[in-house]
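Here the structure is laid out as structure tokens; the discussion comes afterwards.
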Amino acid sequence: MSDPSTRASKEIDMPSETRDVESKATQWPQWALVGRVGVGKSTLFARLIGSGSVLGPVGPTRDWVEQEAAHAGGVIRLVDTAGYPDDEDPLRRAAWRQTQCVIRRADRLVLVTDARAGLLQGDEKLVHQLRRAGKSIVIAANKADSIALRHEAASVFSTLGVSVVPVSARQGDGIEQLFRVLAPGFGEKDFPVSRDANAGSSFASPRPPSDDGQKVTPSPKFVVLGKPNAGKSTFLNSLLGQERYVTSSVAGTTLDAVASMWRGKGQLYHLVDTPGLRRRSRVQQPLERAGGQAVATALRSSQVALLLIDSIQGVTQQDAKIASLVHRRRRGLVLVASKWDEARKQGISQAAFADALRRDLPFLSYAPLVFVSAWSRASVMRAVQAAQNVCSAYHERCATSAVNRCLHQAMQDHKPPRVRGRPLKMIFGWQDASAPPVFCLTCNRPAEVPDSYERYLIHRLRDAFGFVGVPITLVFRPKNP
């Protein structure tokens, strides 16, 4: 498969459903943080959105990150972007092409500079480029950690003919002033000003996007997992119809969990791309450890995981560990055989791959398997449809009467075993929870139910109610607690 970072930089047409999400998201004013590599954009971003940690990431930003920030009664959308490249590194160049797309749709640009380094040639080039975009620009001279540095930064960077606000993202200095300089630039149409004289705010919260008063239902949250270079970012780019994520044949291109939104068939989806997970023995750098923590956080906040497995390499030990992680966290799961176009050319059949996968991952027999060529949007859509089906099953609720009919039939077909010479009796069952589904069964000897019979009952519940791709938990309780 060719390296997408070396392809022509021609932009892919964004599908109408993606444009719909973008237009709704941009009802709120949007500020984009841009600047050279290493000036502290991500640290300033964390400070502006009110993150509990303002230390910033341990590695460079590659995929832009967007999040709402509430301030003084108002809401804006902040975008953290990749740094302006100072060399010919192909990954940095690809990331900067994404940043240029963000610049075109932003309402205002915040050029972050390094007050300690002073005015550099890269800053001057950036100002010229940003002026051509026709957007309002404010310079945030970061790392101005002392009064002397603040005065010096205001004097030096003002020579660029742009408003300058010295700030210290780590210490929190200058943040309020930066908001005051930026906020008045928005008119009442885009960012309604409060009419309450006692509000004490220069602007009020905008009306959130709505669908003409229709009831808003929670959006499904899917996370894309896999080992390095399994094709996760390429998969999502194909679905979104745009180069949203930086892709490369170099393993480890994605450094953090990055979310995006996509609308398909009237449903809004939250999609999260994640860094590739390496074997723990090979994780030595802080950046990789932070990536593993980001994956764990993304998995906790998601409902369904799509695990991409390189169909050319087959199931590896790392794939099995990631699958086990999803299973232990009790999340819905879709197995995705990626790069299938290349695997097919090498004579690998779907039946042979499926047999090997079920043999290597027997505990995931309930998970559907989809074969995907990321350059074919049709196959990617099949994977998303499978994830939607799993998500529906993940939230399924079963009537108590139906549960007991299923269990009664199961015990007739295969009687509970005798334990230490005494019969095991299942008395009553019900679904105690969903997302993920948990079933409770009263039993005369709950602590002695064999694992084999528990697996049998789970299998019968899955057959009866169609919990495809969803882990089922059984809890055995005493008859008279």
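We use all heavy atoms of the structure for the numbers below, so side chains are in, but hydrogens, waters and symmetry mates are not. These figures come from a predicted structure and were not determined experimentally.
- Relative ring orientation between Phe467 and Phe439 is described as perpendicular, the plane-to-plane angle rising above 60° on a 0-90° scale split at 30° and 60°.
- Between the side chain of Asn389 and the backbone N or O of Val384 there is no donor-acceptor pair closer than 3.5 Å.
- Taking the six-membered ring where the residue is Trp, Tyr453 and His414 present perpendicular rings, their angle passing 60° and hence far from 30°.
- Defined by atom type and a distance below 3.5 Å, a donor-acceptor pair is present between the side-chain atoms of Asp463 and His459.
- Looking at Asp107, its side chain does come within 3.5 Å of a backbone N or O of Gln30 through a donor-acceptor pair.
- Looking at residues two or more places apart in sequence or on another chain, you find no side chain to side chain donor-acceptor pair (under 3.5 Å) involving Asp451.
- In this structure a side-chain-to-backbone donor-acceptor pair under 3.5 Å is missing from Arg445 to Glu448.
- Counting heavy atoms from C-beta outward, Leu461 and Leu474 have side chains that approach closer than 4.5 Å.
- Residue Val326 comes nearest to Gly332 through the heavy atom pair CG1-O, 4.1 Å, listed as atom of the first residue, atom of the second, then distance.
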Test salt bridge (charged side-chain N to carboxylate O under 4.0 Å, His left out) on Lys345 and Glu342; report intermediate values, then the result. CA-CA 5 Å; Lys345 292 177 183 177; Glu342 294 295 324; 3.7 Å; yes
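- Checking side-chain atoms of Asp432 against main-chain N and O of Val438 turns up no donor-acceptor pair under 3.5 Å.
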Test side chain to side chain contact (heavy atoms under 4.5 Å, CB included) applied to Val79 and Phe45, step by step: CA-CA 8 Å; Val79 186; Phe45 176 81; 5.8 Å; no
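- You'll find the side chain of Val372 stays beyond 4.5 Å of the side chain of Trp340, heavy atoms only.
- Residues Thr442 and Phe476 are not in side-chain contact: their nearest non-hydrogen atoms beyond the backbone lie 4.5 Å or more apart.
- Contact between Ala383 and Val336 at its shortest, heavy atoms only, is CB-CG2, 4.3 Å.
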Going through the checks in order, is the side chain to side chain donor-acceptor pair (under 3.5 Å) test met by Thr473 and Arg330? CA-CA 9 Å; Thr473 301; Arg330 318 307 288 171; 3.1 Å; yes
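- With values rounded to the nearest 0.5 angstrom, Leu457 atom CG is found 5.5 Å from Met426 atom CE.
- For the atom pair CG (Leu407) and CH2 (Trp430), the distance works out to 11.0 Å, reported to the nearest 0.5 Å.
- No side-chain heavy atom of Phe465 sits under 4.5 Å from any side-chain heavy atom of Arg397.
- The main-chain N or O of Ala410 is found under 3.5 Å from a side-chain atom of Tyr456 such that the two form a donor-acceptor pair.
- Here CD of Glu396 is found 11.5 Å from SG of Cys391. Values are rounded to the nearest 0.5 Å.
- For the residue pair Asp319 and Thr316, a side-chain donor N or O sits within less than 3.5 Å of a side-chain acceptor on the partner.
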Could you go step by step and tell me if Asp310 and Lys227 meet the salt bridge (charged side-chain N to carboxylate O under 4.0 Å, His left out) rule? CA-CA 9 Å; Asp310 190 324; Lys227 63 176 186 276; 5.5 Å; no
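- Within the 4.5 Å cutoff, the side chain of Ser338 has no heavy atoms near those of the Phe235 side chain.
- Counting heavy atoms from C-beta outward, Ser324 and Phe363 have side chains that approach closer than 4.5 Å.
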Do Leu306 and Leu225 pass the side chain to side chain contact (heavy atoms under 4.5 Å, CB included) test, and can you show the C-alpha distance, the side-chain angles, and the key distance before you say yes or no? CA-CA 6 Å; Leu306 293 96; Leu225 302 175; over 6 Å; no
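- Under the 3.5 Å distance criterion, the side-chain polar atoms of Ser434 are left unmatched by any main-chain donor or acceptor of Pro437.
- The two residues Leu333 and Val390 have their closest heavy-atom pair at N-CG1, 3.8 Å.
- Between the side chains of Ser42 and Asp80, a donor-acceptor pair is found at a separation under 3.5 Å.
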What do the steps show when you test Leu361 against Val315 for side chain to side chain contact (heavy atoms under 4.5 Å, CB included), and what is the final call? CA-CA 8 Å; Leu361 303 175; Val315 179; 4.1 Å; yes
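- Taking NZ of Lys479 as the reference point, atom SG of Cys443 lies at 11.0 Å (rounded to 0.5 Å).
- Annotation: Trp31 is in aromatic contact with Phe179 [ring centroid separation under 6.0 Å].
- Residues Val34 and Val110 fail the side-chain proximity criterion, which asks for heavy atoms closer than 4.5 Å.
- Smallest separation of non-hydrogen atoms from Ala323 and Leu307: CB-CD2, 3.7 Å.
- Of all heavy-atom pairs between Ala32 and Val102, the closest is CB-CG1, 3.9 Å.
- Side-chain contact check for Arg170 and Thr43: no donor-acceptor pair (N or O, by modelled atom type) lies under 3.5 Å.
- In this structure, Arg331 CZ and Leu299 CG are separated by 6.0 Å, a value rounded to the nearest 0.5 Å.
- Using modelled atom types, one side-chain atom of Ser379 and one backbone atom of Ser373 make a donor-acceptor pair closer than 3.5 Å.
- You'll find the side chain of Gln346 reaches within 4.5 Å of the side chain of Ile312, heavy atoms only.
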For Gln409 and Arg460, run side chain to side chain contact (heavy atoms under 4.5 Å, CB included): C-alpha distance rounded to whole Å, both residues' side-chain angles, the deciding distance at 0.1 Å, then the answer. CA-CA 9 Å; Gln409 186 62 51; Arg460 292 300 295 262; 3.7 Å; yes
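- Counting heavy atoms of neighbouring residues, nucleotides and ligands inside a 6.0 Å radius, atom CZ of Arg422 does not exceed 12 of them.
- The nearest pair of heavy atoms linking Pro478 to Pro446 is N-CG, 3.7 Å.
- From Arg47, atom CZ reaches atom CG of Leu78 across 14.0 Å, with rounding to the nearest 0.5 Å.
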